[in-house]
Amino acid sequence: MIRPFAEREADWQQRWEAEGAFNVALDGDRAHMYVLEMFPYPSGRIHMGHVRNYSIGDAMARYWRMRGVDVLHPIGWDAFGMPAENAAIKHGRPPAEWTYENIRTMRGQLRRLGFSYDWSREIATCHPEYYRHEQAVFLDMLERGLAERRKTHVNWCDHCETVLANEQVIDGLCWRCDNEVRQKEMDGWFLRITAYADELLEGLDTLDEWPDKVRTMQRNWIGRSEGVQIRFPLEGVDAELEIFTTRPDTLYGVTYMAISPERTDLDQWMPEANRAAVAELRQRMASGDVAEDEKVGVDTGLRAKHPLTGQVVPVWAASFVLAEYGTGAVMAVPAHDQRDWEFARQYDLPVKVVIDPAESSAWSPEESAWEGAGTMVDSGPVNGLPNDEAWQKIADAVEQQGVGQRTVQYRLRDWGVSRQRYWGCPIPVIYCDDCGIVPVPREQLPVRLPEDVEVVAGGGSPLARRKDFVETTCPQCGRAARRETDTFDTFIESSWYFLRYLSPRDTERPVDPDLARRWMPVDHYIGGVEHAVLHLLYSRFFTRVMRDLGYIELDEPFRHLLTQGMVIKDGAKMSKSKGNVVDPDDMIARYGADTTRLFILFAAPPEKDLDWQESGVEGMARFLGRVERVFTRSLHSLEQRRDGETREAFADLGRQLHVTIDRMTSDIEKRFQFNTAIAALMELLNAWSLAIGEGAELNSDEASTVRELVETYPRLLAPFAPHLAEELWQVAGGEGFVAHASWPQADPARLVAERVEIPVQVNGKVRGRIEIAPGAPKEQVLEAARSHPNVARYLEQGTLIKEIVVPDKLVNLVVRNG
RNA sequence: GCCGGGGUGGCGGAAUUGGUAGACGCGGUGGACUCAAAAUCCAUUGGUGGUGACAUCGUGGGGGUUCGAGUCCCCCCCCCGGCACCA
């Protein structure tokens, strides 16, 4: 008997769990595959985005398991983070309690969805046995100079009361709360991701199974540019102005210099009046008085000497010059840089043309800058050269004269990881008045985060108020000292969790190198594209760091990346604020997990956004109902026999089954296109349903086809609707779990049809169809095509000049009008 | 502005290597079953013309290559995503 969905789903989930059906031993000798979905933040409840993410991953995991591969498919919790603190403030409960309760709730939801996780490997990053290893890795980084403490301008979110990394500022707003981010000068810990900039960039070329989109975003984010640093001596003072340019070819076109007003180091050389003006501009910018795209500047009174020509040009302080990029100063070539041009316009500075665009161009320096290629003019020794050659020549000259050198600049900044928050991993350092920064000795790890705290609004980090946490003794001198009260950016936990799943209870080390050698990289990594330059960049960095620290031998953590689209309803992303949220639990209760998962996989290919339509869910429930009925009728039919001819509807059914297997196999394995795999399953059911009718009696041919369908269909369904598949498998007398059964194999001999219908075109338009035997000789096919009555009609109207035959596909007859 | 991805029926989407455009599902229409409804089953469903066989138009717009173009090339329009004073 096939039981109602609620009953059967609960039962199969319980049986899978009781038998540890999806636990995997990592030391087997079979082929292996690591399928991973981005782990969730335990925010309270699973949402449809999660269901989509995990349904995709589970389909892949289940498929490969049936292919006889050892599949590692773990799950865990990205459990540190701000929402826990906000909830604590709101409800007066410690963040730990709130977090663990959410994990319980969400774990239950995931179980009700029937995902095939190895639950024995579950991790939560807020657990001391997880973060102790992270602290150890940080100490290693500290020793290697890959982690440093610095005072700099940082991104500060007033709402979250913490610092943000550059990657976490989206369009000037906080990635988490959309609050405006402002600059603030602070001490903090930085990880030297810039030391890996080139490697991270080059590594992208090896990631040929990543979407181009993500690789491009990372490339842009790293922002490598090759150029030249050039020193301009300042007139009358003992100082130089160093600039970075990617256009040394335009060096002879410099008419002024521009520095960031935030630079204070040159103040001492400026005439008093100018110094005051620069200070005022600095003040205006700090108070947000100068708009983002506004170009404001003042003359600093300083004069720079051109290193090649000796010409003297003014130095301006200009709002458009970024303090953090390059040297915080630029040489301005208004004729060949639009930004310099606009500034020159505004302040009536001279424009000097040094590149003559191709004669075809009607460019005028009165109207805009010319940033394109051309021939050098008014540039001393390089006159007449194409500008790309001049680029190298001038760079050579600069280097030979000792006034500068070729360099590479990056947009990427070091990763600021200090967070002035409580619910995160403690940074394992101690501050001693005498010894300075002292790492926590390794035998004292983990530095535990006290969990019994009270969090209050606007009170800053509760850690700073906990004397029992802050007050300690210096490991070096033994005198009273203070612990660091900032915690790590929670993106650190997610930068290595995929390694931890291999040996989640290992107390000795973060990762088992032998298992990592065998199981890494992750074969299929599935998650949202929103992490393109956050989690995915950090993880690539951290993997390399752990490699260089000797933990693993691995460059790239994720082989194939699948970025799934959003879940949309009524034209907008599902969100509480839009009020268009569909609750997964509600769907499970009304339609069951199988229907919900199947709909999600069917409604759109994984990378595209998915439009949630209740009618579509109902359609999917109908489909599964039909599967049950056709299946039951088939079992009934198999008990009755008749003599006589095989009926038309059965004739091709066996072949269709094998075509379906073939299509689904490539859809899942190569194309990751589950919507068409499911469509194929539906088509097969339609043909089967038509044949079996209300439960017809069968002759022996028909019976063997139906027998094959009954034995195969549950297996084809298993990656998508695992509960019903188990139920059907059991009813049909299958051994063990269908989840452990073998994926059906298409028999190539049975894919071939006896007859195929192909279109016959005349001048590219379909004028008839003929039925032929597959592989029929060309002449025979043409003969049939020409004698088709409707085709013949068109042939009569002209002369046949060309005949094209695509074997078993199409015939095209070309006729010239006569 | 630059980079990336798109634009196909009433809707979600198929079309894998240049070879039958619209698979599959939703929705619609007609019918069967029923006292009736629901559920289910069957048929039909891109537009236009035609009783029909068929014809004709049709994959954002315009041009091109080809026996043949949703797919390749050129120009343009629109939508989505990313970056954006990065020197």
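Computation of the quantities below employed the complete heavy-atom set of this structure, encompassing side-chain atoms and omitting hydrogens, waters and symmetry-equivalent molecules. This structure is a prediction, so every number in the text was calculated from the model and none was measured. Below, chains carry the letters A, B, ... as their sequence lines are ordered, and counting in each starts from 1.
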Discussion item. With a cut-off of less than 4.0 Å, is there a side-chain N or O of N220(A) near OP1 or OP2 of C86(B)?
Written reply: no
Worksheet item: Using a cut-off of 4.0 Å on non-hydrogen atoms, how would the nucleic acid contact of E694(A) be classed: base, sugar-phosphate, or nothing?
Response: nothing
Response to the item:
Which of C85(B), G12(B), C86(B) is nearest the side chain of L322(A)? It is C86(B)
Worksheet item: Would you say K802(A) reaches C67(B)'s phosphate, i.e. side-chain N/O to OP1/OP2 under 4.0 Å?
Response: yes
Worksheet item: Say you pick atom P in C54(B) and the same atom in G63(B); how far apart are they, in whole Å?
Response: 31 Å
Fill in: Sugar-phosphate, base or nothing in reach of V330(A), heavy atoms under 4.0 Å
base
Worksheet item: Is there side-chain contact between V398(A) and P307(A), with heavy atoms separated by less than 4.5 Å?
Response: no
Worksheet entry | Heavy-atom donor-acceptor pair, K295(A) side-chain to C85(B) base, under 3.5 Å | yes
Worksheet item: So, do E167(A) and L412(A) sit near enough that their side-chain heavy atoms are less than 4.5 Å apart?
Response: yes
Worksheet item: To the side chain of A603(A), which of G12(B), G25(B), G19(B) is closest?
Response: G12(B)
Item to complete: Could you tell me whether R411(A) sits above the aromatic face of W221(A), with NZ or CZ closer than 6.0 angstrom to the six-membered ring centre and within 45 degrees of the axis?
Response: yes
Discussion item. Heavy atoms only, 4.0 Å cut-off, all strands: where does E530(A) land among base, sugar-phosphate and nothing?
Written reply: nothing
Practice prompt. Would you kindly say whether N155(A) and R182(A) are connected by a side-chain donor-acceptor distance under 3.5 Å?
Written response: no
Worksheet item: Does G68(B) pair with anything, Watson-Crick or G-U wobble, both distances under 3.5 Å, and if so, with which nucleotide?
Response: none
Item to complete: Just name whichever nucleotide pairs with A43(B), Watson-Crick or G-U, keeping both distances under 3.5 Å, else none.
Response: U29(B)
Worksheet item: Among C54(B), G81(B), C86(B), which nucleotide sits nearest the side chain of N790(A)?
Response: C54(B)
Worksheet item: Watson-Crick or G-U wobble partner for U34(B), using a 3.5 Å limit on both distances?
Response: none
Discussion item. On the nucleotide A15(B), are OP1 or OP2 found under 4.0 Å from the side-chain N or O atoms that Q673(A) carries?
Written reply: yes
Worksheet, complete the sentence: Looking only at A87(B), G12(B), A21(B), the nucleotide nearest the V321(A) side chain is A87(B)
Discussion item. Under a 3.5 Å cut-off for both contacts, is A14(B) paired Watson-Crick or G-U wobble with anything, and if yes, with which nucleotide?
Written reply: none
Discussion item. Just to be sure I understand the rule, does L690(A) reach a base, reach only the sugar-phosphate, or reach nothing, if contact means heavy atoms closer than 4.0 Å?
Written reply: sugar-phosphate
Discussion item. Regarding D667(A), tell me which of base, sugar-phosphate or nothing describes its non-hydrogen contacts under 4.0 Å with the strands shown.
Written reply: nothing
Fill in: Side chains of D611(A) and Q613(A), donor plus acceptor under 3.5 Å
yes
Worksheet entry | Residue T246(A), side-chain heavy atoms: nucleotide from A87(B), C42(B), C24(B) that is nearest | A87(B)
Worksheet item: For atom C1', what is the distance between G47(B) and G31(B), given to the nearest Å?
Response: 26 Å
Item to complete: Indicate, with a heavy-atom threshold strictly under 4.0 Å, whether P211(A) touches base, sugar-phosphate, or nothing.
Response: nothing
Worksheet item: Just checking E803(A): base, sugar-phosphate only, or nothing, at a heavy-atom cut-off of under 4.0 Å?
Response: nothing
Practice prompt. Find which nucleotide of RNA chain B each of M217(A) and V811(A) is nearest to by heavy atoms, and output the residue with the more 5' nucleotide.
Written response: V811(A)
Strictly under 3.5 Å: I want the nitrogen or oxygen pairs between protein and nucleotides 56-58 of chain B, one per line.
| from | atom 1 | to | atom 2 | distance (Å) |
| --- | --- | --- | --- | --- |
| U56(B) | OP2 | R767(A) | NH1 | 2.9 |
| C57(B) | OP2 | K765(A) | NZ | 3.2 |

Worksheet item: Do we see a donor-acceptor contact under 3.5 Å between the side chains of Y325(A) and Q409(A)?
Response: no
Discussion item. Tell me whether the side-chain N/O atoms of R671(A) come closer than 4.0 Å to OP1 or OP2 in A15(B).
Written reply: yes
Practice prompt. Tell me whether the OP1 or OP2 atom of C41(B) has a side-chain N or O from S689(A) closer than 4.0 Å.
Written response: no
Practice prompt. When you get a sec, tell me which of C86(B), U20(B), A14(B) is the closest nucleotide to the side chain of R413(A)?
Written response: C86(B)
Worksheet item: Taking atom CD of E757(A) as the centre, does the number of heavy atoms from other residues, nucleotides or ligands within less than 6.0 Å exceed 12?
Response: yes
Item to complete: Tell me which nucleotide among G13(B), C24(B), G4(B) gets nearest to the side chain of F602(A).
Response: C24(B)
Worksheet item: Hey, does N812(A) reach any base, or is it just sugar-phosphate, or nothing, if we go heavy atoms under 4.0 Å?
Response: base
Discussion item. Let me spell it out: for each of I678(A) and T327(A), pick the nucleotide of RNA chain B with the closest heavy atom. Which residue's pick is nearer the 5' end?
Written reply: I678(A)
Practice prompt. Would you indicate, yes or no, if A87(B) has its OP1 or OP2 atom less than 4.0 angstrom from a side-chain nitrogen or oxygen of R411(A)?
Written response: no
Worksheet item: N675(A) has a side chain; which of C85(B), A15(B), G13(B) sits nearest to it?
Response: G13(B)
Practice prompt. Tell me what R622(A) touches on the nucleic acid: a base, only sugar-phosphate, or nothing, going by heavy atoms under 4.0 Å.
Written response: sugar-phosphate
Discussion item. Under a 3.5 Å cut-off for both contacts, is A84(B) paired Watson-Crick or G-U wobble with anything, and if yes, with which nucleotide?
Written reply: none
Worksheet item: Strictly under 6.0 Å, is that where the ring centroids of Y538(A) and H531(A) end up?
Response: no
Worksheet item: Closer than 4.0 Å, any side-chain N/O of R629(A) to the OP1 or OP2 of C41(B)?
Response: yes
Worksheet item: Counting any heavy atom closer than 4.0 Å, what does G223(A) reach on the DNA or RNA strands: base, sugar-phosphate only, or nothing?
Response: nothing
Discussion item. Does C41(B) have OP1 or OP2 under 4.0 Å away from a side-chain N or O of R626(A)?
Written reply: yes
Worksheet item: In terms of side-chain heavy atoms of Q761(A), which of U16(B), G25(B), A21(B) is nearest?
Response: A21(B)
Worksheet item: For the side chain of S225(A), counting heavy atoms from C-beta on, which of A15(B), C83(B), A87(B) is nearest?
Response: A87(B)
Worksheet item: When we call it a touch if two heavy atoms are under 4.0 Å apart, what does D609(A) touch: a base, just sugar-phosphate, or nothing?
Response: sugar-phosphate
Worksheet item: Any side-chain donor-acceptor pair under 3.5 Å between Y794(A) and N763(A)?
Response: no
Worksheet item: So, F602(A) versus F674(A), ring centres under 6.0 angstrom or not?
Response: no
Discussion item. Testing the 3.5 Å rule here: is there a donor-acceptor pair between the side chains of T563(A) and W210(A)?
Written reply: no
